[in-house]
Participant: 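The structure's right below; bear with me while I get my questions together.
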Amino acid sequence: MLLADLKAAWHLRGPSIGPRRLAYVAVLILLAGVSDGIGLMLLVPLLSSLGAPMPALTGVAGWLFALLPGTLTGLLLVFLAVAVLRAVVDRLQSNAVARLRFDYAVDLKTRTYAAIANASWSYLRRKRAADFHALFASEIDRVEHGVQLLLEVPARLVIFLAHIAIGIAIAPAFSALAIALGLCLMWGLRRRLIESRRLGDIVSEASLHVNREITEFLQALKLTKAYGAEAQHVRAFSDAVQQAEGASLVSRRLLANTELILEIATAVVLAALLWLAAGWLELPLASLLVLILVFQRIMPKFQEIQGMAQEFVHSSSAFRIVAETIAECDAAADRTGLAQPGVLAFDRELRLEGVDFGYDTAAGDVLRGIDLALPAGSLTVLSGVSGAGKSTLLDLVGGLIAPSAGRILIDGVELKADLAPAWRRSVGYMAQEAFLFHDSIRANLAWADPAASDARMLEVLRMAGLAELLRGLPRGLDTVVGDRGTSLSGGERQRLALARTLLRGPRLILLDEPASALDSQNEDRILETIAGLQGRTTIMVVTHRPAAIAGADRYLALVDGRLVDADSTPKR
């Protein structure tokens, strides 16, 4: 169980954490433990020099003691040198561990973010945004906590073993009995590790529910207020929070109960062992005092190690969830390793030949036998009933998804996985609902082209019909549009989104119902603006009012998953 968790932690590390850095930290931990043990062992000759009887030590301990100075002054100087060394090593170790945890956290968050960003649209559209929010809101933090425990446990374990070694050097039989009792105690507490893991799984699941409630509530704020459904959301959120906090509370109680058991058990064991040492083994005073100090320091370390083990397995579900998410995203990633840089040339024609596509094998294909030619510079209008597959066809043309059959050709070159990223950089896409960032007009435009000048921005705003609006804004391009553009009207939001699309200078513009949510006057203005772009770039627009766009090169409709020609001379 613990081995699998350790493997997960190792696989989640980033490129900045290699064997060399881990070896450096391991050496510092070892030096800290050894120096702490030596400092403690020096108490035996120090007490002996003060007149307390000293036992006859043999083996490595006797050889080490023979090397020590025979005077109190010499022993104190050695003790002081060891204490200074211990402090310096401890400082170096603390800095190294803190930096290691920092790099681990940065690498993991960046790696997770990049994995999600690089995943294909086919994969992302099946996932809930709240599940990704949960990773960054709770699960990655739990992974960081688990890593902190992994970095702290070895230091405590080395000190623990150093103290055991001292005990064995002073009183082998006494220490062997103490170790045996400690192992029995650990065996008796093993089920608490299993219970901590189970509670950790519950916390992960409950945290996911909490994040889902928060995300969906924030996404539906206006609808919630309009329907008066605030109490319903509050109840659902309260239930999810109670489940998450309840599992955490039970986990904390389990850890507190374990600490209580350990404190009582270790006190009983220590008292019994000391009684045996004084009455049965008749150890000298110096040895007895050192043993008391050793085992008084060992027991808290044992409790800390047990508690950390429980906390680590409690967070192990987070390791698994984050690792599985990264693996899923990597498996579904766009194959950009061989992708060509920059944009893709489109000078002649984009063609779809016998294209089929379906999201679900059981449900069948959404699109069947699609044959379509889009000459460069043309304007194509696509219509159809809701659910006919219009948005899916745009996604295929834009390279967001790949056909299950047939092929897509750009100037005679098949659009395959290695060309898809460059093609997407060549396409401007505008969805039915314009998404704007809570930032300035300038920042919203620069998202499409960070290097664009103010003059270029003003030009695309004029093309989108926003020049008059901009002149009336005191701060001009620096005007903040509000969350999702709430300070602008629906038509202004759509026009700003269109300007952002134009700023990119795309070879192909795909517009998915760009004016369906607007009143007729604003819809006509948007569609007129789109029609005015004819000849400047290639445009494919989905609209429920094809007649509103006059002079298009072709009018098509989707019927039962197939393309058919619509009226070639629509009336306004």
Participant: Would you kindly say whether E311 and S196 are connected by a side-chain donor-acceptor distance under 3.5 Å?
Facilitator: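 No donor-acceptor contact under 3.5 Å links the two side chains.
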Participant: Taking N444 for its side chain and F437 for its backbone only, find out whether a donor-acceptor pair lies under 3.5 Å.
Facilitator: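 Yes; judged by distance alone, with no hydrogens or angles, the pair exists.
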Participant: Have S204 and R142 got a donor and an acceptor in their side chains that come within less than 3.5 Å?
Facilitator: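 There is such a pair between these side chains.
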Participant: Distance only, no hydrogens: is a donor on one side chain within 3.5 Å (strictly under) of an acceptor on the other, for Y104 and E144?
Facilitator: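 Result is no, nothing qualifies.
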Participant: Taking T486 for its side chain and G482 for its backbone only, find out whether a donor-acceptor pair lies under 3.5 Å.
Facilitator: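 Absent.
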Participant: Is the backbone of V480 close enough, under 3.5 Å, to the side chain of S440 for a donor and an acceptor to pair up by distance?
Facilitator: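 The answer is no, because no donor-acceptor pair under 3.5 Å joins these two groups.
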Participant: Looking at S120 and A332, would you say the former's side chain and the latter's main chain have a donor-acceptor pair under 3.5 Å?
Facilitator: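 Such a contact is found between S120 side chain and A332 backbone.
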Participant: When you measure from the side chain of R126 to the backbone of S122, do you find a donor-acceptor pair of N or O atoms at a distance under 3.5 Å?
Facilitator: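 Pair found, side chain donor or acceptor close to backbone of S122.
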Participant: So, R212 side chain and A130 main chain: donor-acceptor pair closer than 3.5 Å or not?
Facilitator: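 Not a single qualifying donor-acceptor pair exists.
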Participant: NE2/H314 to CD1/I202 distance, rounded to the nearest 0.5 angstrom?
Facilitator: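 Going from the NE2 atom of H314 to the CD1 atom of I202 covers 8.5 Å.
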Participant: Side chain to side chain donor-acceptor pair (under 3.5 Å) with T215: which residues, sequence neighbours excluded?
Facilitator: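 Side chain to side chain donor-acceptor pair (under 3.5 Å) check on T215 returns H133.
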Participant: Compare all side-chain heavy atoms of F136 with those of I140 and state whether any distance is below 4.5 angstrom.
Facilitator: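 They are in contact (side-chain heavy atoms under 4.5 Å apart), so the answer is yes.
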Participant: Keeping D90 on the side-chain end and R86 on the backbone end, is there a donor-acceptor pair under 3.5 Å?
Facilitator: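 No, the answer is negative, given that no donor and acceptor are paired below the 3.5 Å cut-off.
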Participant: Between S316 and V313 (side chain of the first, backbone of the second, donor and acceptor by atom type, cut-off under 3.5 Å), is there such a pair?
Facilitator: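 Between the backbone of V313 and the side chain of S316 there is a qualifying donor-acceptor contact (under 3.5 Å).
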Participant: Answer yes or no: is there a donor N or O on one side and an acceptor on the other, between the side chain of S238 and the main chain of V234, under 3.5 Å?
Facilitator: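 The answer is no, because no donor-acceptor pair under 3.5 Å joins these two groups.
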Participant: Is there a donor-acceptor contact under 3.5 Å linking the side chains of E205 and H209?
Facilitator: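 Distance-only check passes for E205 and H209.
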